[in-house]
Trainee: 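Just dropping this structure here.
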There are 2 protein chains.
Amino acid sequence: MSKPRINTMEELSVAIGVSRPTLSRYFQDPTRIKATTVARIEAGLAQVEYVPNFFATRLNRKSTGIIGVIIPYLNDLFFTKLLEQIEMAAMAAGYTVITQCSHSDPEIEARAARTFMSMSVDGVLVAPLGDQSDADIQEQLSQRMPFVLVDSRPTTMPAVEYVGTDHEQSFGLIVEYLCRVGEPPVFLGMPRVNFNANQHESTYLRMMAEKGFEPTVIGTEALDDRGHFEAHGEAILDDCFSRGLYMDRSILCANDRVAIGALRAAMRHGLTPGRSQDGGLRIAGHDDYPLCPFTTPALTTVEQDFEAIGKAAVSRLVQLINGAEINAAKPQVQLFKGSLRLRESA
Amino acid sequence: MSKPRINTMEELSVAIGVSRPTLSRYFQDPTRIKATTVARIEAGLAQVEYVPNFFATRLNRKSTGIIGVIIPYLNDLFFTKLLEQIEMAAMAAGYTVITQCSHSDPEIEARAARTFMSMSVDGVLVAPLGDQSDADIQEQLSQRMPFVLVDSRPTTMPAVEYVGTDHEQSFGLIVEYLCRVGEPPVFLGMPRVNFNANQHESTYLRMMAEKGFEPTVIGTEALDDRGHFEAHGEAILDDCFSRGLYMDRSILCANDRVAIGALRAAMRHGLTPGRSQDGGLRIAGHDDYPLCPFTTPALTTVEQDFEAIGKAAVSRLVQLINGAEINAAKPQVQLFKGSLRLRESA
DNA sequence: CGACAATATTTACATACGTAAAAAAGGGAG
DNA sequence: CTCCCTTTTTTACGTATGTAAATATTGTCG
């Protein structure tokens, strides 16, 4: 019942009586071959088990048809959603996607970069680690092949093709909203290794200054180094609440995962953040983490347009692969706007 | 400042004055080469930019050193955590991991399987889609190379090497607990496409029968087909609560993501599930989804030992790759026990 | 200084397929 | 039936590296 297995195109060509070069062309683009021959090949193929060798095919094509993707970690639905969009878009464009995860480790990230170089990948999409990314390797990679940065942009490589959210605009939305309808917010941040969180912090500071409010930043020192966003948010805020601080203020978190921890801290102290109460506790985040609609209370946040970012990143990379001009002095930067998601928590 | 780039080992050998076969051996295992030569090679390597070609190296090694991993979808922290363990373990064992995500689509899953065949991957780890997985391709793959199933086991391929949680035991824990300290639970399930959810349902039914309680199963028909677990749980329970049903019962959900939706429905109806109240609403799940400690109230659930599962799966696969005997009639099945995580919701 | 062992080099072939050029075969129109 | 065009086959070489066998080199010890 199991079909005879064939390992090489050579064998296949004798098995079904079609020459090897014809088979080679068939596997690359069947339309270049006469319909009757295609039918003969496919009839033969149905009788046996054969898959062209991936390595041999990629070894001497001019283009490998592979897009490499590097993401910093997996245990975050944000990257997961982004990756999903990227993979679907790349697949639709006819590319094979190979994803490597840095697992928060610069060494693993560098290894992934080397792997992609050794694969002569057509291009790479990189969502960098925070400020720990190995700048040299990133630089090498970007010199060597089409390279588009996604999600966040290290301060060490400003002049690079980039696709992401316009954090000034998007975080600005939530700062503005909180200031407008209630108490000016306290910023609950993170240790300063995450570029987006840093940008949120500076946006917060700038806007508070503009509006003439006194800024308050907490949480930029870690209380525990487990490094989980939620645990960090909970620990910081629990500590504050225990000291009676900020219990009726607006807490604006650097991102939703921190905010989820903040919600937990509020709950533990018997507080229910919400926008209905005047002057009471409010909690808000940023990103529109997929679980935000299901938290208690549902989290008010700013949505990032993952789909647009993923698609734009792939589409720009494909342009570069197809030889689009890169203005080295002024690389293309695509920033997408965020949009406010008003729910219950603020 | 940028080093001269070298593309082939041939060029490299003339550039640093060491023969190509020696270089080849160096890149595979530097210890097989005399220390002084290694030093000479590395000194030379520091002067240039060179990475051995991935495809050429894998083309004619007997072993490619690659482990393929297929997971059904990414937007679930469960798989993400499992994948993390698998990648780290495989890396530690000296393998390159290539992960392909099915994105809930049997066709994409089948394509991934074909990709791995064409790569002559050393072995594959597969977390299957539900009952939609293409059984033929899975079969082909398992015939062709070392193959270990992870997380869930299709009823269509019972006789396969498998590593996962002992769901009878683990789901039994929570059924038993709920029955023991309160009202026997209602089972909030899912459309029957997910093997683990199915097994949870049957475990529930069996244990309720054993204990002489009347079982109640809800949610096995989808109200909306967006297919998101949380939305499903919320929609089903919201519907029930709106009709005044089960408002003071124990709701045991097929998994934590459904339970998170259930918590949300409870909250919308002004109900606070918890174990402190006698006779009141309780909600519990299964998996110990990473966000469980941060829900309101914190979700009582059963922890799956991701780390053990990931490590065991890799370790078993490596055994098979190294030629371990496979008893076709009785493949090795490793089931790990779950453990109760009592928190606030039940 | 010579012999022996360890290591490196030379040479040659293999991997599975891409691809170009020339020759052969097929197919339709006149 | 023949000519011409299209398609396939034949032939041959290229891709970057693995690998084996024979030969050459190096280093060490007596």
Side-chain angles (χ1 to χ4, degrees), chain A residues 5-45 48-66 96 114-122, chain B residues 5-45 48-66 96 114-122:
Chain A
R5 180 164 154 200
I6 284 189
N7 287 311
T8 76
M9 233 180 235
E10 199 76 53
E11 294 175 37
L12 183 68
S13 90
V14 318
I16 68 181
V18 171
S19 77
R20 190 175 69 74
T22 304
L23 289 175
S24 172
R25 265 173 295 145
Y26 166 78
F27 282 110
Q28 289 176 70
D29 182 6
T31 66
R32 292 194 312 180
I33 286 176
K34 204 169 62 166
T36 63
T37 312
V38 167
R40 197 146 53 97
I41 293 174
E42 288 177 348
L45 237 28
V48 300
E49 188 188 322
Y50 169 76
V51 202
N53 182 297
F54 190 86
F55 303 125
T57 59
R58 316 288 154 155
L59 183 54
N60 45 5
R61 282 189 192 156
K62 55 236 92 182
S63 148
T64 56
I66 300 175
T96 299
R114 273 189 294 266
T115 300
F116 288 147
M117 289 194 258
S118 84
M119 284 187 185
S120 302
V121 149
D122 285 347
Chain B
R5 181 163 154 200
I6 284 190
N7 287 311
T8 76
M9 232 180 238
E10 200 74 54
E11 294 175 38
L12 183 67
S13 89
V14 318
I16 69 182
V18 172
S19 77
R20 192 176 66 73
T22 302
L23 288 175
S24 171
R25 266 173 295 145
Y26 166 80
F27 282 111
Q28 289 175 68
D29 181 6
T31 66
R32 292 193 313 180
I33 286 176
K34 204 169 60 166
T36 64
T37 312
V38 167
R40 196 146 53 97
I41 292 173
E42 287 175 349
L45 238 28
V48 301
E49 189 187 323
Y50 169 77
V51 201
N53 182 298
F54 190 86
F55 303 126
T57 59
R58 316 288 154 157
L59 184 54
N60 46 5
R61 282 191 193 156
K62 57 236 90 183
S63 149
T64 56
I66 301 175
T96 297
R114 274 190 293 268
T115 300
F116 288 147
M117 291 195 256
S118 84
M119 283 186 186
S120 302
V121 148
D122 285 348

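In what follows, chains are A, B, ... by sequence order, proteins preceding strands, each numbered from 1.
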Trainee: So which of B:T96, B:N53, B:V121 actually passes side chain to side chain contact (heavy atoms under 4.5 Å, CB included) with B:R58?
Mentor: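 So the option named by the test is B:T96.
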
Trainee: Provide the closest heavy-atom pair for A:S120 versus A:T64 in the form atom of the first, atom of the second, distance.
Mentor: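 Residues A:S120 and A:T64, closest heavy atoms: O-OG1, 3.1 Å.
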
Trainee: Any chance you could measure B:S19, atom OG, to B:M9, atom CE, to the nearest 0.5 Å?
Mentor: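 Rounded to the nearest 0.5 Å, the OG-CE separation comes out at 10.5 Å.
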
Trainee: Taking A:S118 for its side chain and B:V51 for its backbone only, find out whether a donor-acceptor pair lies under 3.5 Å.
Mentor: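 It does not hold such a pair.
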
Trainee: Specify the separation, in whole Å, of atom CD1 of A:I41 and atom C1' of D:dT8.
Mentor: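 To the nearest whole Å, that distance equals 10 Å.
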
Trainee: Could you tell me how far apart A:K62 (NZ) and C:dG18 (P) are, to the nearest whole angstrom?
Mentor: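 Spelled out: NZ on A:K62 to P on C:dG18 is 10 Å.
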
Trainee: Atom OG1 in A:T37, atom CD in A:E42: separation rounded to 0.5 Å?
Mentor: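 These two atoms lie 11.0 Å from each other.
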
Trainee: Please collect all salt bridge (charged side-chain N to carboxylate O under 4.0 Å, His left out) contacts where either partner lies in residues 22-34 of chain B, sequence neighbours excluded, each pair once.
Mentor: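 Residue pairs passing salt bridge (charged side-chain N to carboxylate O under 4.0 Å, His left out), neighbours aside: none found.
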
Trainee: Measure the distance from CZ on B:R61 to P on C:dA16 and round it to the nearest whole Å.
Mentor: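 In whole Å, C:dA16 P lies 15 Å from B:R61 CZ.
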
Trainee: Hey, could you give me the CD/CE distance between A:E49 and B:M117, rounded to the nearest 0.5 Å?
Mentor: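 With rounding to 0.5 Å, CD (A:E49) is 6.0 Å from CE (B:M117).
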
Trainee: Among residues 22-38 of chain A, which residues get a heavy atom nearer than 4.0 Å to DNA chain D?
Mentor: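 Of all residues in residues 22-38 of chain A, the ones placing a heavy atom under 4.0 Å from DNA chain D are A:T22, A:R25, A:I33, A:K34, A:T37.
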
Trainee: Between C:dA16 atom P and A:R5 atom CZ, what is the distance in whole Å?
Mentor: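 Taking CZ of A:R5 and P of C:dA16, I get 11 Å after rounding.
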
Trainee: For DNA chain D, which residues in residues 6-17 of chain A have a heavy atom at a distance below 4.0 Å?
Mentor: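 Hits under 4.0 Å, by residue number: A:G17.
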
Trainee: Please list, chain by chain and in numerical order, all residues satisfying ring-ring contact (aromatic ring centres under 6.0 Å, His included) with B:F27, sequence neighbours excluded.
Mentor: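 If we apply the ring-ring contact (aromatic ring centres under 6.0 Å, His included) test to B:F27, skipping adjacent residues, the hits are B:Y50.
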
Trainee: If you look at every heavy atom in A:N7 and A:E11, which pair is closest and at what distance?
Mentor: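 Shortest heavy-atom contact: N-OE1, 3.6 Å.
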
Trainee: To the nearest 0.5 Å, what is the distance between CG on A:D122 and OG on A:S63?
Mentor: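 Going from CG on A:D122 over to OG on A:S63, the span is 3.5 Å.
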
Trainee: Start with the C-alpha distance between B:I16 and B:L23, add both sets of side-chain angles, then the distance that settles side-chain contact (heavy atoms from CB on, under 4.5 Å), and finish with yes or no.
Mentor: CA-CA 10 Å; B:I16 69 182; B:L23 288 175; 4.1 Å; yes

Trainee: Quick check for you: to the nearest 0.5 Å, what is the distance between B:N60 atom CG and A:F55 atom CZ?
Mentor: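 Rounded to the nearest 0.5 Å, the CG-CZ separation comes to 11.0 Å.
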
Trainee: Could you tell me how far apart B:R40 (CZ) and C:dT7 (P) are, to the nearest whole angstrom?
Mentor: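 It works out to 14 Å between those atoms.
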
Trainee: List in numerical order all residues of residues 51-60 of chain B for which some heavy atom is under 4.0 Å away from an atom belonging to DNA chain D.
Mentor: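 The stretch gives B:P52, B:N53, B:A56, B:T57, B:N60 as the residues lying under 4.0 Å from the strand, ordered by number.
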
Trainee: Hunt down any stem DNA chain D takes part in, defined as 3 or more consecutive Watson-Crick or G-U pairs whose two distances are each under 3.5 Å.
Mentor: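 DNA chain D forms these stems: C:1-30 with D:1-30.
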
Trainee: Which distance, rounded to the nearest 0.5 Å, do you find between the CD1 of B:I41 and the CD1 of B:I33?
Mentor: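 Between atom CD1 of B:I41 and atom CD1 of B:I33 there are 5.0 Å.
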
